[in-house]
Engineer: 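Following this message is one structure expressed as structure tokens.
Bear in mind the structure is a predicted one, so any value in this text is a computation, not a measurement. Heavy-atom basis, side chains included; hydrogens, waters and symmetry copies ignored. As the structure lists them, so they are numbered: ligands from 1, and atoms in each ligand from 1.
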Amino acid sequence: MDKPKISIAGCGYVGLVTASVLASRGFNVIATTIIEDHIDLINSGQAPFYEEGLDDVLKQVIKENKLMVTSDNQMAVLNTDITFISVGTPMREDNSIDLSFINTVSKEIGKALAKKKDFHLVVNRSTAVPGTTRNLIGKNLIQKSSKQLGKAIGLGMQPEFLREGSSVYDTFHPNRLIIGEFDKKSGDTLENMWRLFYEDRFPPIERMNIESAELVKYANNSFLCTKISFANEFANFAELIPNVDVNDVMKGIGLDERINPKFFRAGVGFGGSCFHKDLSAIKKWARNLGFNSKVLQAVLDLNENQAIHIVDVAEELIGNLINKKISILGLSFKPGTDDMREAPSIRVINELRKRNVTDIIGYDPKAKESAEEAIGDKIKYAKSIEEALKNSECTLLITDWDEFKELTPDDYKKHMKTPNLIDGRRIYDYDKFNKELNFRAMGRINLE
Ligand code: UGA
């Protein structure tokens, strides 16, 4: 069976990674972006952002002429068989979802479909509230093409579960495919395309209607965040019980096959471009339906609270923080990225500033520039760990970068004025660090 030709609207990390990975397995792919500056860059084999493993795949597929990027959505549709929509769905000021990119691009696709003779499948991969694919994308396709869904046009929704920093790996090795289908033909066309891609490594697949697939994405992220907030709640509870270590507790329950050990790392809470945005959007949308989600509210509240909590722990350890020099190790929302969106470091720094702490210095191996943009002059920025720790009176470790894991108690003692350390990500051996430093770790406070 011939491989279908693919177009992908949107060259963000989901769109460009999917485009590159598909092209690397022999699919002909045309990707589109509205960011003119990115077109020549990508067509020359360079990604406009850093994503582990992407550069190599992209260079190869550009060299082999398997991928091209353009701003012309209609041309892309007219020359392909399946179009994926992977455009942004940002959060508005009132926490609701902004669907304007989906709206614009689906109209463009519809206009092209008016001129197309053969069957064409349109698949939404952008995270959007249930109903968006059918009622916004589907309606635009019908209106602009004057054709009906089902016969000439297929419609599907396939949520993505890619992690930033691992999205190339995740695209090659997904743990499942979720396909929301308008009708059987749409679902079959999409499943067949992925069968040609994965061949004998085809992952488990679940096919369902479009709206259920749309909600899978929100429920998935909501559940992951619930696990994290659950671990954080037990961490805060554990801190009141001598000798209990929340890590052991989470390991213990994670071994229950019904639970699973992942996403139980307690710390200063979750960040990133998706978790907060998706939970806020679905909560707000549910409220418009008259449904008040108590779980989602609690998960978000607990997450906000972790930033306050770590500052409380610092005060409990060294007393009033005003006029003390405080170091922040790690600013990005997770290691391996310079992404500062919803980074816990921002919440921690805001909390410190609220308590009138002004002498704060931060260090991040990758995110110095983006942190300067996100945090501004609320803190100073160090160029090295040594500079960040120099004369410091308390260090809050916020992001679990590998280079912080290599630090020993002696490193902290050598540089800091007083070696007070709070391990906000549980990267250190508790007993070793507790013996040598004035030490606290989230989810384990020995009151003895
Ligand atoms: C997340 C999901 O993991 C992906 O499946 C999903 O596709 C993506 O959002 C999305 O919706 O686009 P990502 O935002 O890249 O991916 O980040 P994660 O690696 O999941 O980490 C998110 C945050 O949770 C980080 O701040 C991390 O430090 C925190 N976290 C994670 C914890 O605090 N504890 C844990 O046990 C795990």
Side-chain angles (χ1 to χ4, degrees), residues 10 12-15 17-18 49-52 86-91 97 125-128 158-171 173-178 214-236 246-247 249-251 253-254 259-282 299-300 302-307 309-310 330-348 364 367 397-401 404 423-427 442-443:
Y13 90 99
V14 175
V17 166
T18 309
F49 49 85
Y50 177 76
E51 184 65 21
E52 178 88 30
S86 283
V87 295
T89 50
M91 186 161 81
I97 185 168
R125 298 209 76 192
S126 300
T127 301
Q158 188 190 354
E160 55 78 20
F161 306 105
L162 310 179
R163 294 162 301 165
E164 210 175 304
S166 314
S167 59
V168 173
Y169 177 88
D170 290 349
T171 307
H173 308 95
N175 53 24
R176 83 288 204 203
L177 300 179
I178 303 296
E214 289 171 320
L215 195 55
V216 165
K217 170 69 188 192
Y218 286 103
N220 207 91
N221 274 354
S222 299
F223 192 71
L224 292 174
C225 292
T226 305
K227 287 188 85 173
I228 298 170
S229 280
F230 177 87
N232 284 333
E233 182 159 77
F234 265 76
N236 300 351
V246 76
N247 281 358
V249 177
M250 291 303 126
K251 267 187 217 150
I253 66 168
I259 297 181
N260 149 331
K262 291 178 186 155
F263 273 70
F264 269 150
R265 276 179 291 115
V268 278
F270 56 79
S273 65
C274 294
F275 279 172
H276 190 261
K277 168 176 84 83
D278 291 353
L279 266 64
S280 302
I282 199 68
V299 167
L300 288 166
L302 284 163
N303 199 52
E304 290 291 312
N305 181 63
Q306 286 312 97
H309 180 68
I310 193 170
L331 299 167
S332 61
F333 89 92
K334 68 174 184 180
T337 175
D338 65 353
D339 198 336
M340 287 295 297
R341 285 176 288 179
E342 296 295 336
S345 65
I346 301 176
R347 296 191 284 274
V348 172
D364 191 281
L397 190 139
I398 305 296
T399 316
D400 40 343
W401 283 97
F404 302 151
D423 181 358
R425 289 291 177 189
R426 297 305 307 267
I427 63 173
M442 306 297 272

Engineer: Of all residues at least two apart in sequence or in a different chain, which pass the ring-ring contact (aromatic ring centres under 6.0 Å, His included) check with Phe49?
Structural biologist: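 So Phe49 forms no ring-ring contact (aromatic ring centres under 6.0 Å, His included) with any residue.
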Engineer: Please identify each residue that fulfils salt bridge (Lys or Arg N to Asp or Glu O under 4.0 Å) with Glu233, with sequence neighbours left out.
Structural biologist: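 Applying salt bridge (Lys or Arg N to Asp or Glu O under 4.0 Å) to Glu233 gives none.
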Engineer: Might you point out which heavy atoms bring Thr171 and Pro174 nearest each other, and give the distance in Å?
Structural biologist: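 That closest heavy-atom pairing would be O-CD, 3.5 Å.
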Engineer: Side-chain donor-acceptor contacts of residues 271-280 below 3.5 Å, not counting sequence neighbours, with atom names and distances?
Structural biologist:
residue, atom, partner, partner atom, Å
His276, ND1, Glu342, OE2, 3.4
Lys277, NZ, Thr89, O, 3.2
Lys277, NZ, Thr89, OG1, 3.3
Asp278, OD2, Asn221, ND2, 2.8
Ser280, OG, His276, O, 2.7

Engineer: Could you pull out the N/O contacts under 3.5 angstrom between ligand 1 and the surrounding protein atoms?
Structural biologist:
residue, atom, partner, partner atom, Å
ligand 1, 5 (O), Phe161, O, 3.0
ligand 1, 7 (O), Phe161, O, 3.4
ligand 1, 7 (O), Leu162, N, 3.1
ligand 1, 7 (O), Leu162, O, 2.8
ligand 1, 7 (O), Lys217, NZ, 3.3
ligand 1, 11 (O), Lys217, NZ, 2.7
ligand 1, 11 (O), Asn221, ND2, 2.8
ligand 1, 15 (O), Glu164, N, 2.7
ligand 1, 15 (O), Lys334, NZ, 3.0
ligand 1, 17 (O), Lys334, NZ, 3.3
ligand 1, 19 (O), Lys334, NZ, 2.9
ligand 1, 26 (O), Gly271, N, 3.0
ligand 1, 26 (O), Phe333, O, 2.8
ligand 1, 33 (O), Arg425, NH1, 3.1
ligand 1, 34 (N), Arg265, O, 3.0
ligand 1, 36 (O), Phe264, N, 3.3
ligand 1, 36 (O), Arg265, N, 2.8

Engineer: Closest approach of Val268 and Arg347, non-hydrogen atoms and distance?
Structural biologist: O-NH2, 4.5 Å
Engineer: Indicate the atoms forming the closest heavy-atom contact of Ile259 with Gly254, along with that distance.
Structural biologist: CG2-CA, 4.5 Å
